[in-house]
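One structure is given here, and the rest of the page talks about it.
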Amino acid sequence: MKTIEHFVGGKSFSGDSKKTSKVFNPATGEQSAEVKLASTKDVNQAVANAKKAFEDWANKPPLQRARIMFKFKELIEKNSDELTKIIVSEHGKVYEDAKGSLTRGLEVVEYACGIPQMLKGEFTENVGSSVDSWSIRQPLGVCAGITPFNFPAMVPMWMFPMAIACGNTFVLKPSEKDPSCSMRLAELLKDAGLPDGVFNIVNGDKEAVDALISNKDVVAMSFVGSTPIAKYIYENCAKNEKRVQALGGAKNHCVVMPDCDLDQAVNGLMGAAYGSAGERCMAQSVAVAVGGIGDKLVESLAKKVEALKVGPGMDKLSEMGPLVTKEHLAKVKGYVDIGEKEGAKLIVDGRNFKLQGYENGYYIGGCLFDHVKKDMRIYKEEIFGPVLSVVRAKDFDEALQLVNDHEFGNGVSIFTRDGDTGRTFSNKAKIGMVGINIPIPVPMAFHSFGGWKRSLFGDQHMHGPEGVRFYTKLKTITSRWPTGLRTDPEFVMPTMK
Ligand code: NAD
């Protein structure tokens, strides 16, 4: 059985811990590897390596750091087929979707290639007579990232290219369910010329996470995962005096207005609800049918959900792959049971889906509920599977109220032909990322990604300009040369003359 180790100081690192966790291929249900789970000592060793590498790396000119990012970009492109297959083999999503997610990560690397421009700072000549002032952004030190299973390439790449390009060193703790893609990315970074110790990986579970939280040399923490863990990370990192951004779960709504292009809305919803088997933080799990459009919407959706092609991620015909683990499959099926008991109308039931030759894979067919009410658990909680709930709303105001009252605030969309409705909605929605006739409004790398309410704890979103702010500290220098204006001692608050 293959063992997945850690990556520390530019090479594979076994560590002390004997604890391991099993990694499975969700398409077949077979175990493909075991992954080491780091002890506190192992984590501290990784952080010590990152700390040692920091000073040299922080002093490297941003242009040289950018050149390594350019090389890394080339290597990702060259190895994209291999990286994509790794994602499919441990996560289960279909090949083209996995490739798309890798591309979205690659775009952050491309953005990071422009780091010299982003670190230029600001300068004012003569803030006072012969006094100049300028602001610069300096790296923080050792930064850490903890990532979820659902985007094993993209989410780590929201973090480390930005952190490293800004001059920090980094310790990543990927999901123990699909750690191999991060390990391969670490090798590619080394091949790109990244000095040893700048990027490190510790595989592990809660023990490794807690070791990163309590290690005083880790100065900033980026987290993406479920809301309860995001809150735990936020609170405990703050207690340990770290800068922190912690992105949590979601329940993204899609508001379907009566004037919309129904085909466009239905196709958008199909991809957004069932793509990646609903295991996306930007998946749409609630469709709000406004006015009289509900019956037509449900009818069109039902036909397409029944026709969904579910199969292994490497099969070109598959539109939706399996779920990530046996436990997650049981949880998602459990939610469908709950929805039925709560009185929602189950229009399409995917629970008994079976695939010949893949009987042990973690498959479920698409599920569709109608007449879901806002007090039901299937409406309130994140299911993270291919289960779409249709809620009926009498008008736009009621739909907007539903969106704004929900505990999560990651993404939302509206389908309408009316510009005024779209504009009012984007203005009033208490949500971080809004789409108008766009089903999954994931911002590009040169904008920033993040939700509101209990979908993000902290005040900076990820990558883009917010990423630069998160991974740097602002310093403002005010200076006068001796030949400038001479003054007597001043004992009052300086105001520039
Ligand atoms: P998770 O919260 O179970 O795990 C995320 C990370 O936290 C993993 O690395 C895991 O090892 C670690 N972890 C798990 N339990 C822990 C504990 N008790 N203490 C400390 N660390 C712990 O999430 P997941 O199941 O891997 O991923 C799915 C979740 O991530 C969903 O809720 C999804 O919405 C969310 N997500 C959010 C975004 C976003 O941008 N907001 C993006 C992707 C995924």
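First listed ligand is number 1; within each ligand, the first listed atom is number 1.
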Establish, from distance only, whether the side-chain atoms of [X] and [Y] form a donor-acceptor pair under 3.5 Å.
{"X": "Lys304", "Y": "Asn267", "answer": "yes"}
{"X": "Tyr232", "Y": "Asp210", "answer": "yes"}
{"X": "Gln245", "Y": "Ser222", "answer": "yes"}

(request) For ligand 1, list the protein residues that place a heavy atom within a distance below 4.0 Å of one of its atoms, sorted by chain and number. (result)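 Those residues closer than 4.0 Å to ligand 1 by some heavy atom are Ile146, Thr147, Pro148, Phe149, Asn150, Trp158, Lys173, Pro174, Ser175, Glu176, Lys206, Val209, Phe223, Val224, Gly225, Ser226, Ile229, Leu247, Gly248, Gly249, Ala250, Cys281, Glu382, Phe384, Asn410, Phe449.
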(request) Count the heavy atoms belonging to other residues, nucleotides or ligands that lie under 6.0 Å from NZ of Lys216, then report whether that count exceeds 12. (result) yes
(request) Flag the pair Asp217 and Lys242 as a salt bridge only when some basic side-chain nitrogen lies within less than 4.0 angstrom of an acidic carboxylate oxygen. (result) no
(request) Sort out for me which residue in Phe223, Phe470, Phe449 forms a ring-ring contact (aromatic ring centres under 6.0 Å, His included) with Trp158. (result) Phe449
